[in-house]
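Numbers here are sequence positions counted from 1.
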Amino acid sequence: ACRSSRKPLYSPARGAILSNPTMRETATKRVKLSERISAYVASEEPIRKLAGNWSKTARTALNEANSLSLERVEIRLKRLPKQLDGFKIIHLSDIHHSPFTGIEHIRRVVKVANRLRPDIFLLTGDYVSHEREYIAPVAAELAKLKAKFGVHACLGNHDHWTDADLVTHLFRGEGINMLVNEGFRFEARGASFWLAGVDDYMVGRTDVPAALKGSFPDEMKLLLAHNPIIFREAARYGVDLTLSGHTHGGQIKFRDDQKRLLRPRKLRAGLYERRRSQVYVTRGIGTVVVPMRYQCPPEISLLELKCF
């Protein structure tokens, strides 16, 4: 069970908080459909309109990639210790520091996230893309995240495709607890749960049993896994909550999910449930392939854990 809300945080076009624009329809004089089609096809308007629409969409998509939105989500967990009711997590993923996602955007994410004052920061991979030179700057910037119970992380496929060993080494050197197929008993407020992280699925290194080794059968388990495809396995092993990224929420969405002819991809963004297990998939911060987002803004996820 959950309750969620979205709040726009930053617009690069205004350098300020976004507002939701409203669309107003204007009445037009009725003309026979056949006449309208003939006139439209005979003119140059279709080409001009198509070019204009794509140009406007491209500008919007470029601006959106550098915006920020806040998703507030309440997640109810049966095995959450009562002492941890209301425990707040900031979940960040898919930073993708690269030529597409500059350090200024990441710095803004860190600044906004710290203002939300969570109990803990949890990061789920893909911190860099393309080149090793981007690893040290993003590690140093993410080290500025400050919470009472620290910053914990797992690796993603792009980290491996760049240099996973260097990512792990530099992140740990900055005080970020990188969990690679391992876990530990996290203690806070006189209570505890098992906090674990797995290596990435796409490079064939995910090991859920290893990450849960040492946990008690009846204790709550929270798993960091970059790719949500492992959710079924996590559910089989009794994980209560999995946090993932990887999908970017689609990154560019031209069609409303409710109007799609084909079913949308499963586990793309948001909270999902399977049996007694849940997974939250964030849209992430950065971009890949093209430096654009459309109808899918970068996300800072503020997750509040609640007892049933």
Side-chain angles (χ1 to χ4, degrees), residues 1-10 17-18 68-95 109-125 142 144-154 176-177 179 183-197 219-226 228 231 234-235 238-245 247 249 267-285 297-308:
C2 80
R3 184 173 62 192
S4 65
S5 65
R6 179 183 298 179
K7 181 180 179 182
L9 291 176
Y10 178 81
I17 291 176
L18 288 161
L68 284 177
S69 67
L70 172 66
E71 296 284 352
R72 294 179 181 267
V73 183
E74 187 178 280
I75 303 177
R76 295 192 173 273
L77 299 164
K78 290 184 177 180
R79 297 199 295 186
L80 179 71
K82 291 182 179 179
Q83 300 96 313
L84 296 175
D85 187 67
F87 193 77
K88 292 183 179 179
I89 297 168
I90 289 284
H91 174 204
L92 300 174
S93 191
D94 299 271
I95 308 297
V109 170
V110 170
K111 185 176 181 180
V112 171
N114 278 333
R115 286 180 178 175
L116 295 169
R117 304 183 70 178
D119 295 300
I120 194 172
F121 283 99
L122 300 179
L123 317 179
T124 52
L142 292 176
K144 297 176 184 177
L145 293 168
K146 302 298 180 185
K148 183 176 181 179
F149 298 104
V151 185
H152 309 268
C154 70
I176 297 172
N177 182 23
L179 297 167
F184 68 101
R185 188 155 290 108
F186 173 82
E187 297 182 352
R189 303 180 186 174
S192 67
F193 62 82
W194 191 258
L195 177 59
E219 74 180 326
M220 193 194 94
K221 300 172 183 63
L222 195 163
L223 180 67
L224 308 182
H226 177 66
F231 177 48
V239 172
D240 298 80
L241 177 62
T242 301
L243 300 184
S244 296
T247 67
L267 305 182
R268 185 167 61 182
L271 188 67
Y272 301 85
E273 187 171 0
R274 180 178 176 81
R275 298 184 182 135
R276 297 180 180 180
S277 186
Q278 298 179 75
V279 60
Y280 186 81
V281 185
T282 177
R283 296 187 303 274
I285 298 298
E299 172 183 346
I300 294 176
S301 313
L302 177 56
L303 312 178
E304 183 174 4
L305 306 187
K306 302 290 289 185
C307 295
F308 251 110

Heavy atoms only: give me the nearest [X]-[Y] pair and the separation to one decimal.
X: Ala234; Y: Leu223; value: CB-CD2, 4.0 Å
X: Val281; Y: Pro228; value: CG2-CB, 3.9 Å
X: Phe121; Y: Lys146; value: CE1-O, 3.3 Å
X: Thr124; Y: Ser244; value: OG1-C, 3.8 Å
X: Gly245; Y: Ser93; value: CA-OG, 3.6 Å
X: Val239; Y: Ser277; value: O-OG, 2.6 Å

Kindly say whether [Y] contributes a backbone atom to a donor-acceptor pair with the side chain of [X] at under 3.5 angstrom?
X: Thr247; Y: Arg268; answer: yes
X: Arg283; Y: Pro297; answer: yes
X: Asn114; Y: Lys144; answer: yes

Any heavy-atom pair between the side chains of [Y] and [X] that's under 4.5 Å?
X: Lys88; Y: Leu116; result: no
X: Leu145; Y: Ile90; result: no
X: Phe87; Y: Ile120; result: yes
X: Lys221; Y: Asp240; result: yes
X: Ile89; Y: Pro118; result: no

Subject >> Whether over 12 other heavy atoms sit under 6.0 Å from Arg276 CZ >> reply: no
Original post:
More than 12 non-hydrogen atoms from neighbouring residues, nucleotides or ligands closer than 6.0 Å to CZ on Arg189, yes or no?
Top reply: yes
**OP:** For salt bridge (charged side-chain N to carboxylate O under 4.0 Å, His left out), just list the numbers for Glu74 and Arg76, CA-CA rounded to whole Å, side-chain angles, deciding distance to a tenth of an Å, and then say yes or no.
**Re:** CA-CA 7 Å; Glu74 187 178 280; Arg76 295 192 173 273; 3.1 Å; yes
What's the separation between atom [atom1] in [X] and atom [atom2] in [Y], rounded to the nearest 0.5 Å?
X: Phe193; Y: Glu187; atom1: CZ; atom2: CD; value: 11.0 Å
X: Leu243; Y: Cys154; atom1: CG; atom2: SG; value: 9.0 Å
X: Leu123; Y: Leu224; atom1: CG; atom2: CG; value: 8.0 Å
X: Ile176; Y: Leu142; atom1: CD1; atom2: CG; value: 5.0 Å
X: Leu92; Y: Ile285; atom1: CG; atom2: CD1; value: 5.5 Å

**OP:** Look at the aromatic rings of His152 and Phe186 and report parallel, tilted or perpendicular, splitting at 30° and 60°.
**Re:** perpendicular
Quiz: residues 301-308 side-chain donor-acceptor pairs under 3.5 angstrom, not counting sequence neighbours:
{"from": "Ser301", "atom 1": "OG", "to": "Thr282", "atom 2": "OG1", "distance (Å)": "3.2"}
{"from": "Ser301", "atom 1": "OG", "to": "Glu299", "atom 2": "OE2", "distance (Å)": "2.6"}
{"from": "Lys306", "atom 1": "NZ", "to": "Asp85", "atom 2": "OD2", "distance (Å)": "3.4"}

Original post:
After noting the C-alpha distance and the side-chain angles of Asn177 and Leu195, does the key distance pass the side chain to side chain contact (heavy atoms under 4.5 Å, CB included) rule?
Top reply: CA-CA 11 Å; Asn177 182 23; Leu195 177 59; 5.9 Å; no
**OP:** I would like to know whether Leu241 and Gln278 meet side chain to side chain contact (heavy atoms under 4.5 Å, CB included); could you show each step before the answer?
**Re:** CA-CA 5 Å; Leu241 177 62; Gln278 298 179 75; 4.2 Å; yes
Subject >> Test side chain to side chain contact (heavy atoms under 4.5 Å, CB included) applied to Leu77 and Leu222, step by step >> reply: CA-CA 11 Å; Leu77 299 164; Leu222 195 163; over 6 Å; no
